[in-house]
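From a predicted model like this one, the values you see are computed outputs, not experimental measurements.
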Amino acid sequence: MALSVSDLSAIYSLLANSMSQDESIRKPAESALAQSESRPGFCSCLMEVITAKDLASQVDIRLMASVYFKNSINRYWRKRRDSSGISNEEKQHLKQKLLSHLREENYQIAQMLAVLISKIARFDYPREWPELVSFLAQQLPSADVLTSHRIFMILFRTLKELSTKRLTADQRNFAEISSHLYKYCWHIWQSDLQTISHGFSIITQSYNSNGKEQHHDDLYLTCERWLFCLKIICQLVISGFQSDAKCIQEIRPVKEVSPVLLNATQSFLPYYTSLQNRHPKFWEFIKRACTKLMKVLVAIQQRHPYSFGDICVLQPVLNFCLNKITDPEPDILSFEQFLIKCMVMAKSVFECKEYKPSVTGRVMDENGVTLEQMKKNISNAVAGVLTRLLPNERIVLLCNVLIRRCFVLTTSDLEEWYENPEVFHHEQDMVQWTEKLRPCAEALYIVLFENHSQLLAPIVVSILQEAMNGCPTSTSEITPGLLLKDAAYGAAAYVYYELSNYLSFRDWFNGALSLELSNDHPNMRIIHRKVALILGQWVSEIKDDTKRAVYCALIRLLQDKDLSVRLAACRSLCLHVEDANFSEKDFSDLLPVCWGSCFKLVKEVQEFDSKVQVLNLISVLLGHVNEVIPYASNLMHFFQMVWEESSGESLLRIQLLIALRNFVIALGYQSPSCYSMLLPILQKGIDINGPDELNLLEDSMLLWEATLSHAPAMVPQLLAYFPCLLEILERNFDHLQVAVDIIEDYIILGGREFLSMHASSVAKLLDLIVGNVNDRGLLSILPIIDILILCFPMEVPPLISSTLQKLVVICLSGDDGDPSKTAVKASSAAIIARILVMNTNYLAQLTSEPSLSSVLQRTGVAIEDNILLSLVGVWLDKVDNVSLPQKKAFGLALSIILTLRLPQVLDKLDQILSVCTSVILGGTDDLTEEESRSHDEDLLPSKELRRRQIKVSDPINRLSLENSVRDNLQTCAALHGESFNSAIAKIHPAAFAQLKQALKMP
């Protein structure tokens, strides 16, 4: 029943109760609201609560109403199969109500209203809500500051939502919006910029601001509106035009907007100091404005690199950024976020592929000028600008500034490290590089070095030598020299690939790095951490004669007293163990200490990222070293502890599942020794009703498959897990390939016990997959059906009759020359051929069933003769599209066809004998028992051994096609008499001679 105005008080009470601390009040209210969500009128009631003037002070209840409204839009705005959704009449009412409430005074509510409008616009604009943007634009000229601020907030949210729609029609709509809004928004933005600049000028000149609080409030609202307008302009320029890297057309707004944005940045920066102490609110705005302006410039450069590459844009912007990096005003040094954005801009320009010589192919446009040449012309022009902007002296200066100033640890860095070395490690080395100054400087340095390696390599080596000479390895005080050495070591670590031509790692390690580690003074953690980084980064340059010493050094660092050093060593060890030239011989005796250090480290760390990092090292070790069994007990205890302590931490559990898989593989046929720990974890991971199912399922299934394929025998617990696979695939086929491998494991490992226990699940599973997956999926499951029939030829075909009917339909349908469809058809035909050979009576029954004829009629497959004879045509046609064993199955099936008492057989006799002859003379890859035994003697109990044994016992490998054809020809002759002789006489003499040769007939 629909909700109406009379239900408003009830809805209000439920919203209030849903925020109660008392669970006995909150839970029933939440349940009642959830039941009301799908009822007509629910959103209208929420809208009344949100906009009611007498509830203006009840912000929390209004916010809760807006949250429920947003959820209802996501769930019910579009009609669903299980719900009628929101009616068109109610939708129209809600949209009108939203647009009539633009002047919302509470900022939080205004934000939520903007979100609501944007969510609806994603569904309805422009088809169902064409007036939205034009209506908002029409309100702006007459709106006061507050209303215009709210309108710009709505426009920003709406444009942000619409810009994420990727269909061509949606992008055309956005381009149209851009063409209408851009000029007006740009005008408003420039006007507000003048107002703000004038206001700041007055503020900084006035010492008594108490009398102008109202003016300050209006100015601040203008500042906020200006920021929204800036974001809108960014969206219009970015998403309103196709990237000029694709269309090779000048985007005019780029040249219009970018210089003005730069000027605005330059005009705001002086206020960073003057407003800091007296006007903190405006000082915060200045910080946001300057960083946002630079962020917009970066976004424009990355979207429209060619237009941005114009000399009037690129030159002043890059010059400004480089000046701020190399020679900032003293006050700007503390404005880290702004310096980061300047570095991001410089890095973006330095690594922009459009500014480098084009390596694309020659694509001609209709005028005969190549797109390649157009790009090359622009690239050359930009290269000229960059060459003038970046003479060698400036490049060297920038490199020196980055290393000597930005890389050097500050007093606050050292304090942070001392207080929490673990957090410091992750902030410096694992944080997103655009969030912290030092990682950002490192990223810029790497790009700069890549572009100018020949110029900078000697410079970096000279800085390194200077730092090492100025700070001997015996130094223990934190001096400027020690901090410069730390910075120089970092600089050398990041560009190992080029410095190796100028610096011998062996000499560096023996002459300095190894000696640094002998100094155990607490202050040496600074250098020790950087040595750990170097040893990891330079892994590819470490020769065999130094590997052992480096391994020992990393193990020593893994036992350091400082957590930051140990975590750095942990990561570098991963790089060494994963290296293609990893020497297990040099590392094997270090394993006990390595395992112990890992177990100890994971107990001591607190941060989630640290645990993942240590677990990753353990996983990598398990995947690359052979000596695991002696440490299995300790590893089991460790894995159990991590699983129990990682509840709710999905990423950590994913890493644990990967490590467990490597553990099982490393244990091999001795893996049952860990089942007491492993199987309960596995059971939780494959439970689709578990709380972490969405995150853990993929890696749990991989672990499941590894457990089965390395099990020497089936155990009851694993046997009981199989129905979980049906539940997983009933939901979707996202993990089909690993599921197919698991089915094969159960067939091979579980044998008859598995089939007797899970026959119905197997039948459902195969019927679910065949007919509901694409050709690639079918090609993965068909070999499993084949091996299932091979193992159980009498039991399985009747069990999976529905699946087999689908395979017959596939065989008798056209493939239109599509290679994948041809492969599916040929493999399906091979399975049917196997059934004819191994269970002839059942195939005769299957092909004569009325239900199969009905299925064929429903799918539009026309059958001229009977179904079995139609299959003969497929075997004859597809014999060249299958493997040697499948060819033999075709041959044996065709030889059986010779025994049918059907005159049509004689019509195909020539073709049947031709195929059989070619198969016999072509040979097979049959594996004899003697050959099998010689192979199997070296194999431990494994999936591969059992698969090989099944192949040897395959009747199709054991049967003689030559004898079968010879015997069945005699039967055919007896059945058809003179007609048979007439058919034989029609065979070409050469073909008949080959037949006699194949059958060894005199």
Side-chain angles (χ1 to χ4, degrees), residues 759-760 762-764 766-767 770-771 778 782 785-786 788-790 792-815 824-879 882 886 889-909 911-912 915-916 955-956 959 964-965 967-969 971-976 979-980 983:
S760 61
V762 170
K764 285 180 186 175
L766 295 178
D767 196 47
V770 177
L778 283 171
L782 290 176
I785 298 174
D786 187 62
L788 190 61
I789 294 168
L790 162 58
F792 311 104
M794 305 310 292
E795 299 92 332
V796 165
L799 179 69
I800 62 168
S801 59
S802 175
T803 300
L804 293 176
Q805 285 189 355
K806 293 178 182 178
L807 296 189
V808 171
V809 172
I810 290 171
C811 289
L812 301 181
S813 301
D815 55 34
V824 168
K825 187 171 184 176
S827 296
S828 301
I831 292 171
I832 302 300
R834 175 180 291 283
I835 297 173
L836 180 58
V837 174
M838 299 180 71
N839 194 342
T840 308
N841 291 338
Y842 176 75
L843 189 68
Q845 176 189 329
L846 176 70
T847 54
S848 61
E849 282 181 2
S851 59
L852 178 56
S853 299
S854 300
V855 171
L856 288 167
Q857 285 179 353
R858 282 200 305 272
T859 54
V861 178
I863 303 297
E864 295 180 3
D865 300 313
N866 66 38
I867 294 172
L868 195 53
L869 286 175
S870 297
L871 288 169
V872 170
V874 179
W875 292 326
L876 293 171
D877 183 47
K878 300 301 177 188
V879 71
V882 294
Q886 289 173 324
F890 279 17
L892 288 167
L894 290 169
S895 75
I896 292 172
I897 293 296
L898 294 175
T899 65
L900 296 181
R901 197 185 296 272
L902 292 172
Q904 296 96 321
V905 170
L906 297 180
D907 297 335
K908 300 178 183 292
L909 183 62
Q911 292 174 280
I912 290 172
V915 166
C916 291
I956 287 178
L959 288 170
S964 178
V965 174
D967 295 343
N968 291 339
L969 265 177
T971 304
C972 187
L975 287 172
H976 299 286
S979 299
F980 172 80

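- Looking at every heavy atom in both residues, Val837 comes nearest to Ile896 through CA-CD1, 3.7 Å.
- Here CE of Met838 is found 11.0 Å from CG of Leu892. Values are rounded to the nearest 0.5 Å.
- Counting heavy atoms from C-beta on, the side chains of Trp875 and Ile897 come closer than 4.5 Å.
- Here the closest heavy-atom approach between residue Leu846 and residue Leu852 is recorded as O-CD2, 3.5 Å.
- For the pair Leu807/Ile835, no side-chain contact is recorded, criterion being any heavy-atom separation below 4.5 Å from C-beta on.
- Taking OG of Ser828 as the start and CD1 of Ile810 as the end, the distance is 4.5 Å to the nearest 0.5 Å.
- Side-chain contact between Val808 and Val855 is absent, with no heavy-atom pair separated by less than 4.5 Å.
- Taking both residues in full, the closest heavy atoms of Leu900 and His976 are given as O-NE2, 3.4 Å, listed atom of the first, atom of the second, then distance.
- Separating the SG atom in Cys811 from the CD1 atom in Ile867 is a distance of 11.5 Å, to the nearest 0.5 Å.
- Contact annotation: the side chain of Ile800 never approaches that of Asp767 to less than 4.5 Å [non-hydrogen atoms, C-beta and beyond].
- The shortest side-chain heavy-atom distance between Leu902 and Leu868 does not fall under the 4.5 Å cut-off.
- Judged by distance alone, with hydrogens and angles left aside, the side-chain atoms of Lys825 form a donor-acceptor pair with the main-chain N or O of Ser813 at under 3.5 Å.
- Atom CG of residue Leu871 and atom CG of residue Leu836 lie 9.0 Å apart, to the nearest 0.5 angstrom.
- The closest donor-acceptor contact from the side chain of Lys806 to the backbone of Val770 lies under 3.5 Å.
- Interatomic distance, OG1 of Thr971 versus CG of Leu898, reported as 9.0 Å (0.5 Å rounding).
- Nearest heavy atoms, Phe890 versus Ala833: CD1-CB, 4.0 Å.
- Tyr842 has its side chain within reach of Ser801: a pair of non-hydrogen atoms, C-beta onward, lies under 4.5 Å apart.
- Looking only at side-chain heavy atoms (C-beta outward), Cys972 and Leu906 come within less than 4.5 Å of each other.
- Two residues are said to be in side-chain contact when any heavy atoms from C-beta on lie closer than 4.5 Å; Pro797 and Leu804 meet this criterion.
- Listed for the Asn968 side chain is no donor-acceptor partner under 3.5 Å among the backbone atoms of Thr899.
- Between the side chain of Thr859 and the backbone N or O of Leu856 there is at least one donor-acceptor pair closer than 3.5 Å.
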Checklist entry - Where do Thr803 and Leu788 land on the side chain to side chain contact (heavy atoms under 4.5 Å, CB included) test, with the steps shown first? => result CA-CA 13 Å; Thr803 300; Leu788 190 61; over 6 Å; no
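- In this structure, the separation between NZ on Lys878 and OG on Ser827 is 11.5 Å, given to the nearest 0.5 Å.
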